[in-house]
Amino acid sequence: MTVHNREIAEQFSHLADLLEIEGADAYRVRAYRQAAQTIAGLSESLADRAAAGEDLSALPHIGESLAEKIRTICETGHLPQLEEAEERLPAALSDLLEISGLGPKRVKALHQDLHIDNLQDLKQAVAEHRVRELSGFGAKSEQALADKLAQWQGPAERLPLIEAEEIARPLVHSLRGLDGVDQVTIAGSFRRRKETVGDLDILVTAAEGTSVMERFTGYDEVSEVVSQGETRATVLLRAGLQVDLRLVPAAAYGAALHYFTGAKAHNIAVRRLGVQRDLKINEYGVFHGDERVGGRTEQEVYDAVDLPFIEPELREDRGEIEAAQEDRLPALIGLDDIRGDLHAHTKASDGHDSLRQMAEAAAERGYAYLAITDHSQHVTVAHGLDPQRMAAQIDAVDALNEELDGRIRVLKAVELDILADGSLDLPDDVLERLDLCVCAVHHKLDLPRQKQTERILRALDSQHCHILAHPRGRLIGKRAGYELDLERVMRAAAERGCALEVNAQPKRLDLDDSDCRLAKELGVRIAISTDAHSQGNLDYMRFGVDQARRGWLTADDVINTRGLDDLLALLRH
DNA sequence: GCCGTTTTCGGCCCGACTGTTTTCAGTCG
């Protein structure tokens with residue numbers, strides 16, 4: 001039984017909540033939260049690392065004390081300090097912190113004075129108008145709580161980035177359409193291209209007296225104005241998404257953009273560097289005493305603390321500040337570096353478009369090559385190809401390449417099922433005729449960790465396995481992915497020269513950002529592929545590139561930045 | 001509880017908005 005990083009992070013996070021309600025030292029609480037964040041963002045299994053006797057205190061925000069606690073959790077599954085806290089306070093009290101407007105102080109008051117232990121107790125107390133009697137609360141807060149509790153459906157779900165884009169587009173358009181509005185920029189995790197977005201942070205610069213706030217709070221899709229001031233407003237959209245708007249003067253645009261892009265931990269780290277230089281950095285600029293010394297651009301903010309510009313995708317306080325100080329920031333891959341797509345389907349299996357349509361669409365995007373990777377026979381629901389149909393498709397691709405006359409090269413390929421025992425779903429004599437094999441797991445997702453790992457390792461042993469597709473098998477918000485020792489798979493892939501895929505489907509993004517970073521560390525090559533099931537899906541490439549950038553990858557780390565000849569040479573190895 | 005170009009102690013980012021107050025605490029980002 002391996003303890004997941006996620007479970008360790010949750011225990012620290014829960015402990016932080018309970019300690020905060022108890023009124024513990026705020027910095028101690030923050031230390032637990034930062035540690036939880038570090039752990040949640042790791043791809044390598046801490047349980048494996050701990051078992052191997054590695055020094056966990058080398059990790060950011062993990063010191064001796066927390067390293068010891070991690071070891072305890074890995075060995076026993078429990079954190080004694082959390083269990084002790086749960087004896088002092090009801091464990092469900094931390095649920096109350098999820099309600100916006102309730103922080104640690106008010107939750108403590110609710111518990112101590114009204115004996116509220118959980119959300120149910122709170123509902124009852126609100127219904128009986130007992131909350132308004134409490135010092136610090138009033139009729140208005142009680143009513144606000146009543147409204148929020150009535151709509152409460154658990155912690156707000158984060159939206160996949162692509163859905164956030166669709167919601168943001170018309171809103172941004174509406175704001176830009178207003179006279180006097182200069183810049184409208186979406187910052188926050190959206191700009192950092194995080195795979196999911198919890199809210200939208202919109203930054204606006206405008207001429208004085210422009211009615212931006214009115215336009216914003218009056219937007220059609222707004223279901224509730226949460227707060228509204230001179231320079232800042234928060235609304236909820238009907239889609240359930242929270243949107244914050246910040247109005248700043250043009251001279252502060254860079255400082256505001258930096259502040260509003262976050263991540264919070266990155267901002268704190270940058271501001272700390274400012275403090276060391278006797279500078280104050282806030283959303284209005286960089287200040288030396290009362291004198292404003294920068295802030296029109298983000299570059300000025302970084303200049304002030306002697307750092308090179310740090311790309312938004314890297315701003316997570318995951319070592320980018322240190323890397324910037326040591327001048328070893330990666331030159332991140334860009335969409336323009338991509339020369340072709342190595343995973344796409346046609347009507348032959350479960351795609352919507354023909355071979356020719358897919359090839360034409362890829363050529364229009366300026367690609368040098370497109371691998372057609374229809375499913376193999378085991379995936380019957382997707383009408384997977386058996387040896388005969390595969391042979392027919394190989395011939396069809398050869399014929400099409402002749403007709404295309406070098407405009408683009410279609411690669412003969414397959415998305416080949418890895419069977420439960422790790423064998424491959426088509427015989428060698430068929431596979432030998434292909435340019436490329438993309439191997440993937442589509443069934444028996446519930447094998448135990450060791451079996452699943454060995455299954456994939458066996459598949460990697462085949463000389464035909466060029467790329468391991470969607471290695472974790474997760475679906476964002478739906479499925480966690482199968483149990484797997486990914487680090488072991490990566491080491492094996494590195495040895496065999498097999499690439500791992502970043503599947504760019506917005507609901508997969510698999511590998512994810514931190515997996516990419518681990519892959520790079522271990523010397524694993526990456527393929528960024530769309531897994532397109534239609535021509536339009538080829539545009540998902542940018543979502544894959546986003547995650548690769550978040551994972552510190554350069555063009556050199558990614559095989560489909562190579563030209564056709566280099567790629568083919570690489571695949572032959 | 002972490003961490004170090006003020007290093008093993010004593011710091012730890014900074015400001016807007018709301019509601020309940022009567023000058024500010026709490027919450028949020």
Side-chain angles (χ1 to χ4, degrees), chain A residues 12 15-16 19-21 23-38 56-70 81 96-110 131-145 148 187-189 198-203 213 217 225-235 242-248 252 255-256 258-287 295 301 305-306 317 321-322 325-326:
Chain A
F12 284 161
L15 179 54
L19 288 176
E20 192 175 32
I21 294 168
D25 177 62
Y27 295 108
R28 189 162 156 243
V29 171
R30 194 169 86 182
Y32 278 111
R33 294 233 165 90
Q34 284 180 316
Q37 213 176 358
T38 296
L56 303 178
S57 68
L59 292 164
H61 309 300
I62 309 281
E64 263 316 304
S65 166
L66 283 171
E68 183 55 37
K69 290 182 174 74
I70 292 171
Q81 288 79 1
L96 270 58
L97 294 174
E98 298 283 346
I99 308 287
S100 83
L102 286 187
K105 301 275 166 48
R106 300 178 123 191
V107 169
K108 185 179 187 180
L110 288 167
V131 171
R132 65 176 64 186
E133 306 302 334
L134 213 51
S135 149
F137 289 80
K140 232 171 163 174
S141 334
E142 189 181 76
Q143 186 54 49
L145 274 179
K148 275 166 192 142
S189 52
D199 61 10
L200 287 177
D201 303 299
I202 302 182
L203 183 65
M213 287 298 173
T217 55
V225 178
V226 178
S227 73
Q228 181 179 3
E230 295 280 304
T231 64
R232 173 174 205 149
T234 297
V235 302
Q242 177 173 312
V243 188
D244 300 320
L245 182 139
R246 193 74 194 246
L247 181 62
V248 300
H258 184 260
Y259 153 78
F260 226 19
T261 297
K264 192 170 165 180
H266 173 90
N267 287 354
I268 290 176
V270 169
R271 287 172 178 189
R272 275 170 74 170
L273 292 179
V275 170
Q276 288 172 10
R277 289 162 178 76
D278 206 20
L279 296 171
K280 183 174 69 173
I281 300 173
N282 58 30
E283 57 266 53
Y284 300 110
V286 180
F287 298 89
V301 175
V305 292
D306 304 310
D317 192 26
I321 307 251
E322 295 77 3
Q325 285 172 326
E326 294 159 19

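From a predicted model like this one, the values you see are computed outputs, not experimental measurements.
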Nearest-Å distance once atom P is located in both B:dC28 and B:dT23 = 25 Å

Whole-angstrom distance between B:dT20 and B:dA25, as gauged at atom C1' | 9 Å

Under 4.0 angstrom, heavy atoms only, what part of the nucleic acid is A:V275 near: base, sugar-phosphate, or nothing?
-> sugar-phosphate

Atom C1', compared across B:dC17 and B:dT21: separation rounded to whole Å = 15 Å

Presence of A:K264 side-chain N/O under 4.0 Å of B:dC14 phosphate oxygens OP1/OP2 | no

Starting at atom CD1 of A:I281, determine the distance to atom P of B:dC13, rounded to an integer number of angstrom.
-> 12 Å

Quick note, A:Y259 side chain, CB onward, closest among B:dC17, B:dC12, B:dG29 is B:dG29

Searching all strands shown, indicate the nucleotide that pairs with B:dT8 (Watson-Crick or G-U wobble; both distances under 3.5 Å).
-> none

Identified side chain to side chain contact (heavy atoms under 4.5 Å, CB included) counterpart of A:T234 within the set A:V226, A:V243, A:L245 = A:V226

Spacing of the C1' atoms in B:dT8 and B:dC14 (rounded, Å) | 28 Å

Any sub-3.5 Å donor-acceptor pair from A:D244's side-chain atoms to A:D201's backbone N or O?
-> no

Rounded to the nearest angstrom, tell me the gap between atom CG in A:D317 and atom P in B:dC2.
-> 15 Å

Of all heavy-atom pairs between A:I62 and A:A67, which one has the smallest distance, and what is that distance?
-> CG2-N, 3.7 Å

Which of B:dG15, B:dT27, B:dG29 is nearest the side chain of A:K280? It is B:dG15

Using whole Å, report how far CD of A:Q34 lies from C1' of B:dC12.
-> 9 Å

Sub-3.5 Å donor-acceptor pair from the side chain of A:N282 to the main-chain atoms of A:G285, do we have one?
-> yes

Distances under 3.5 Å between nitrogen or oxygen atoms of protein and nucleotides 3-5 of chain B:
{"residue": "B:dC3", "atom": "OP1", "partner": "A:H61", "partner atom": "N", "Å": "2.7"}

Could you grab the distance from atom CG of A:D306 to atom CD of A:Q325, nearest 0.5 Å is fine?
-> 9.0 Å

Provide, to the nearest angstrom, the distance between the CD1 atom belonging to A:I321 and the P atom belonging to B:dC13.
-> 13 Å

With side chains defined as the heavy atoms from C-beta onward, is the minimum distance between A:V248 and A:F260 less than 4.5 Å?
-> no

Is A:I99 touching bases, backbone alone, or none of the nucleic acid, heavy atoms closer than 4.0 Å?
-> sugar-phosphate

What does A:T231 touch in the nucleic acid at a heavy-atom separation under 4.0 angstrom: a base, only the sugar-phosphate, or nothing?
-> sugar-phosphate

Starting at CZ of A:F260 and ending at P of B:dC28, how long is that distance when rounded to a whole Å?
-> 16 Å

Per A:A31 side chain, nearest of listed nucleotides B:dG15, B:dC2, B:dT27 = B:dC2

When rounded to the nearest 0.5 Å, the distance separating NE2 of A:H266 from OG1 of A:T261 is 9.0 Å

Below 4.0 Å: OP1/OP2 of B:dG1 and any side-chain N or O of A:Y27 = no

Gap between atoms NZ and C1', on A:K108 and B:dA25 respectively (whole Å) | 15 Å

When you measure from the side chain of A:R28 to the backbone N and O of A:A24, does any donor-acceptor pair fall under 3.5 Å?
-> no

So which nucleotide from B:dG29, B:dA16, B:dG1 ends up closest to the side chain of A:R246?
-> B:dA16

Less than 4.0 Å between a side-chain N and a carboxylate O, is that true for A:K264 and A:D317?
-> no

Side chain A:R132, main chain A:F137, donor-acceptor under 3.5 Å | no

Is the shortest side-chain N/O distance from A:K69 to OP1 or OP2 of B:dG1 below 4.0 Å?
-> yes

Distance, P atom - from B:dC12 to B:dT18, rounded to whole angstrom = 29 Å

Counting heavy atoms from C-beta on, name the nucleotide in B:dC17, B:dG29, B:dG26 closest to the side chain of A:D244.
-> B:dG29

Hey, are A:E20 and A:R33 close enough for a salt bridge, meaning a charged N less than 4.0 Å from a carboxylate O?
-> yes

How does protein reach along nucleotides 18-23 of chain B, written 5' to 3' as B (base within reach of a heavy atom under 4.0 Å), S (only sugar-phosphate), or - (no contact)?
-> SSS---

Could you measure between the two P atoms, the one in B:dT6 and the one in B:dG1, and give it in whole Å?
-> 27 Å

Select from A:R28 and A:R277 the residue whose nearest nucleotide in DNA chain B is closer to the 5' end of that strand.
-> A:R28

Can you tell me if the side-chain N/O atoms of A:N267 get under 4.0 Å from OP1 or OP2 in B:dC13?
-> no

Taking the side chain of A:E283 as heavy atoms from C-beta outward, which of B:dG15, B:dT27, B:dG1 is closest to it?
-> B:dG15

For A:A233 and for A:G103, find the nucleotide of DNA chain B with the closest heavy atom, then tell me which residue's nucleotide is more 5'.
-> A:A233

What does A:L66 touch in the nucleic acid at a heavy-atom separation under 4.0 angstrom: a base, only the sugar-phosphate, or nothing?
-> sugar-phosphate

Expressed in whole Å, how much space separates the P atoms belonging to B:dC3 and B:dC13?
-> 14 Å

Does A:R232 put a side-chain nitrogen or oxygen below 4.0 Å from OP1 or OP2 of B:dA16?
-> no

Nearest-angstrom distance from the residue atom CD1 of A:I268 to P of B:dC12 = 12 Å

Could you tell me the separation between the CZ atom of A:R271 and the CD atom of A:Q276, rounded to the nearest 0.5 Å?
-> 15.0 Å

Rounded interatomic separation in angstrom, taking CZ from A:R271 and P from B:dG29 | 15 Å

Which part of the nucleic acid, if any, lies within reach of A:D199 when heavy atoms closer than 4.0 Å are counted: base, sugar-phosphate only, or nothing?
-> nothing

